[in-house]
Amino acid sequence: MFSLILRRSLRQPLRRHHHHHTPTSPYSEPLKSLSSAPRQNPSHIRSFCSASSSSSSSSISDSEFRKYVGYFVLVLGCGAATYYSFPFSENAKHKKAQLFRYAPLPEDLHTVSNWSGTHEVQTRVFLQPETLQELETIVSDANRNKQKIRPVGSGLSPNGIGLTRQGMVNLALMDEVLEVDKEKKTVRVQAGVRVQQLVDGIKDYGLTLQNFASIREQQIGGIIQVGAHGTGAKLPPIDEQVIGLKLVTPAKGTIDISKEKDPELFYLARCGLGGLGVVAEVTLQCVDREELVEHTYVSTMKEIKKNHKKLLSENKHIKYLYIPYTDTVVVVRCNPVSMWKGPPKFKPKYSHDQAIQHVQDLYKESLQKYRPEVITDKSVDNDEQDINELSFTELRDKLLALDPLNKDHVMKVNQAEAEFWRKSEGYRVGWSDEILGFDCGGQQWVSETCFPAGTLTKPTMKDLEYIEDLMQLIDKEMIPAPAPIEQRWTARSKSPMSPASSPVEGDIFSWHTCVKRKATLLRQQ
């Protein structure tokens, strides 16, 4: 850039002189003369640079040259002063860049991250109202001042959809169960109540929610707004349990919405990603609390194809867990305890210690390879937990963290997981809110897809074809894909924004979850 500016400053006097003496061929001859004149005819230079214009053009060129050199030196000086002047403490929250250093974050900045730890943002506006009136004031003020503000729940979604620097409002302090109607089996709650709080609050009434996601930490407002789901081809996503809600909007104030009052707005608002306003209260349709029998066993893709239609139609809750680089499919199905038969009588072939032994042995072997300073079951680091105290999911996370991008290492971990599930086959009995949740295992980034899969009477089998194609792609590209790849099903939702939205009653949808562990994310960064 600097050389270009200098060249233009030299051209300018040449253009003026040549236009005065030789109107034709405005550029070629003067530049040619300038390059050849010192060798052939010095007087030729004097002929086109007259005595009267020589000193003025020379002074202009020199002044412009000095000006741009000065600018260049000034920029360099400012950059160096900025780089070496800013303080930078060791506990600063920003990461060090390669070329620049940053000052610590101001004290009034809030660092907000999602539950998985995969996204975070700093903001000066993070508001937590305690009452409906405070929430109404926040939304009204933001609208009047033309300030954007976004509702955010517990951050269970593994993306950054709720995070913004401009401002967030969180209803964690509005978490009360307001009203329970045992006869109608309904409950009205503030949107900030967490799923586990709600379940605990209504179990004494003999009620519970119809379906659950795998985790219990979601706020009710958030779990309905993002179209979350449990599993069971006869059961819809969780937004279908909503029968009424109170919405605080920027322009219309606080409005009560129900299917009877305004069905179009109701279906839009109950799964609206917070785009229509802040959900303040939710009324949910509950069901009777019941005990479930969970049956876990290992199958193969060939057997799954043969029995898929029957499995979907005969089980209230069902999911498949695929383990890449193996032919293992873990089937988990749950059904109410039979009033006549009672819980099944089953004695497992292996104890828990025997089931987890292979995973523990692989972890010890891998520690010797990747961390040779670990000599015994307990690391020399006092913070390292005893291997025998780690659960299966904790062991899996630690194993993957040792070398998450090494396909051969991940294959060994997957094979150890397949062995664990083979030795963990059996039954478990418990309340639905205890059975349907499970330990996902550490912080993770989840990629989920959802698409129609036909009906219960006529499934398209596209869901299993999808998994087969995915497994072939993983194998072909040699992707270090950890287990499990999870597959669930739900009935349709009438909410237009739901991933399982459909106007056709009887449609079923297949949901697929691929997990990327946090250790993998850190290595890739």
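Values reported hereafter were calculated over all heavy atoms of this structure, with side chains retained and with hydrogens, waters and symmetry mates removed.
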| request: Give me the ring orientation class for Phe346 and Tyr427: parallel if the planes are under 30° apart, tilted from 30 to 60°, perpendicular past 60°. | output: perpendicular

| task | Could you walk me through whether Gln487 and Tyr322 pass the side chain to side chain donor-acceptor pair (under 3.5 Å) test, one step at a time? | result | CA-CA 8 Å; Gln487 189 172 34; Tyr322 300 90; 2.6 Å; yes

| query | Is a side-chain donor or acceptor of Ser495 paired with a backbone partner of Ser498 at a separation under 3.5 angstrom? | reply | no

| query | Passes side-chain contact (heavy atoms from CB on, under 4.5 Å), Val199 versus Phe212? Steps please. | reply | CA-CA 10 Å; Val199 170; Phe212 295 91; 3.4 Å; yes

| said: How long is the straight-line distance from OG1 of Thr300 back to CG of Asp327, given to the nearest 0.5 Å? | reply: 5.0 Å

| query | Looking only at atom types and distance, does a side-chain atom of Asn114 sit under 3.5 Å from a main-chain N or O of Gly155, one as donor and one as acceptor? | reply | no

| said: Taking Lys316 first and then Glu290, would you say they form a salt bridge - that is, a charged N and a carboxylate O separated by under 4.0 Å? | reply: yes

| request: Just do the salt bridge (Lys or Arg N to Asp or Glu O under 4.0 Å) check on Arg188 and Glu176 with the steps written out, would you? | output: CA-CA 9 Å; Arg188 182 168 63 91; Glu176 295 183 8; over 6 Å; no

| Got a donor-acceptor contact below 3.5 angstrom from the Thr249 side chain to the Lys252 backbone? | yes

| message | Donor-acceptor check, side chain of Asn414 to backbone of Pro324, threshold 3.5 angstrom: yes or no? | response | yes

| task | Would you please test Gln357 and Asp353 for side chain to side chain donor-acceptor pair (under 3.5 Å) and show each step? | result | CA-CA 6 Å; Gln357 184 64 50; Asp353 290 342; over 6 Å; no

| field | CG-OG1 distance between Asp256 and Thr283, expressed to the nearest 0.5 angstrom | value | 8.5 Å

| Given the rule in the salt bridge (Lys or Arg N to Asp or Glu O under 4.0 Å) test, do Arg396 and Glu417 qualify, once you have shown the distances and angles that lead to the verdict? | CA-CA 8 Å; Arg396 179 179 61 191; Glu417 176 162 352; 3.0 Å; yes

| said: Aromatic contact between His308 and Trp489, with the criterion being ring centroids under 6.0 Å apart: yes or no? | reply: yes

| field | Candidate pair Glu448 and Arg488, rule salt bridge (Lys or Arg N to Asp or Glu O under 4.0 Å), full reasoning | value | CA-CA 11 Å; Glu448 186 166 45; Arg488 306 190 200 186; over 6 Å; no

| Taking everything shown except Tyr205 itself, do over 12 heavy atoms lie less than 6.0 Å from its OH? | no

| said: Distance check, rounded to the nearest 0.5 Å: Leu436 atom CG versus Glu294 atom CD? | reply: 8.5 Å

| message | To the closest 0.5 Å, what do you measure between CG (Leu178) and CD (Gln190)? | response | 5.0 Å

| Just by distance, do the side chain of His409 and the backbone of Pro480 share a donor-acceptor pair under 3.5 Å? | no

| task | Ignoring hydrogens and angles, tell me if any N or O in the side chain of Ser154 forms a donor-acceptor pair with the backbone of Gln218 under 3.5 Å. | result | no

| query | So Arg270 and Glu240, side-chain contact (heavy atoms from CB on, under 4.5 Å) or not? Walk me through it. | reply | CA-CA 8 Å; Arg270 71 179 184 180; Glu240 280 287 325; 2.4 Å; yes

| field | The single option from Pro237, Pro499, Cys450 passing side chain to side chain contact (heavy atoms under 4.5 Å, CB included) against Thr490 | value | Pro237

| query | For Ala500 and Trp511, which heavy atoms make the closest approach, and how far apart are they? | reply | CB-CZ2, 3.7 Å

| task | Output yes when a side-chain donor or acceptor of Asn315 lies under 3.5 Å from a complementary backbone atom of Ile318, and no otherwise. | result | no

| Test log, rule side-chain contact (heavy atoms from CB on, under 4.5 Å), inputs Val152 and Phe126 | CA-CA 10 Å; Val152 58; Phe126 187 78; 4.1 Å; yes

| task | Indicate the atoms forming the closest heavy-atom contact of Ile356 with Leu390, along with that distance. | result | CD1-O, 3.9 Å

| query | So with a 6.0 Å cut-off around CE of Met461, is the heavy-atom count from everything else above 12? | reply | yes

| message | A quick test of your reading: do over 12 heavy atoms of other residues, nucleotides or ligands sit less than 6.0 Å from NZ of Lys259? | response | no

| query | Asp475 and Tyr325: side-chain donor and acceptor closer than 3.5 Å? | reply | no

| query | Phe392 and His352: aromatic ring centres closer than 6.0 Å? | reply | no

| query | Short question: side chain of Glu394, backbone of Ser391 - any donor-acceptor pair under 3.5 Å? | reply | yes

| Does Ser501 reach the main-chain N or O of Met497 with its side chain, forming a donor-acceptor pair under 3.5 Å? | no

| Are Lys423 and Tyr350 in a cation-pi setup, meaning NZ or CZ lies under 6.0 angstrom from the ring centre and within 45 degrees of the ring axis? | yes

| request: Output, in order, the C-alpha distance, side-chain angles, deciding distance and verdict of side-chain contact (heavy atoms from CB on, under 4.5 Å) for Val195 and Asp433. | output: CA-CA 10 Å; Val195 172; Asp433 55 293; over 6 Å; no

| field | Mutual orientation of the aromatic rings belonging to Tyr297 and His295 [parallel < 30°, tilted 30-60°, perpendicular > 60°] | value | tilted

| task | Measure the spacing between CG of Leu362 and CG of Leu367 and express it to the nearest 0.5 Å. | result | 9.5 Å

| field | Nearest non-hydrogen partners of Val187 and Val180, listed with the distance | value | CG2-CG2, 4.0 Å

| request: Using the six-membered ring wherever Trp is involved, compare the ring planes of His512 and Phe451 and label them parallel, tilted or perpendicular (cut-offs 30° and 60°). | output: parallel

| message | Quick check for you: to the nearest 0.5 Å, what is the distance between Leu163 atom CG and Thr111 atom OG1? | response | 11.0 Å

| said: Closer than 3.5 angstrom, by distance alone: can the side chain of Arg194 be matched with the main-chain N or O of Asp175 as a donor-acceptor pair? | reply: no

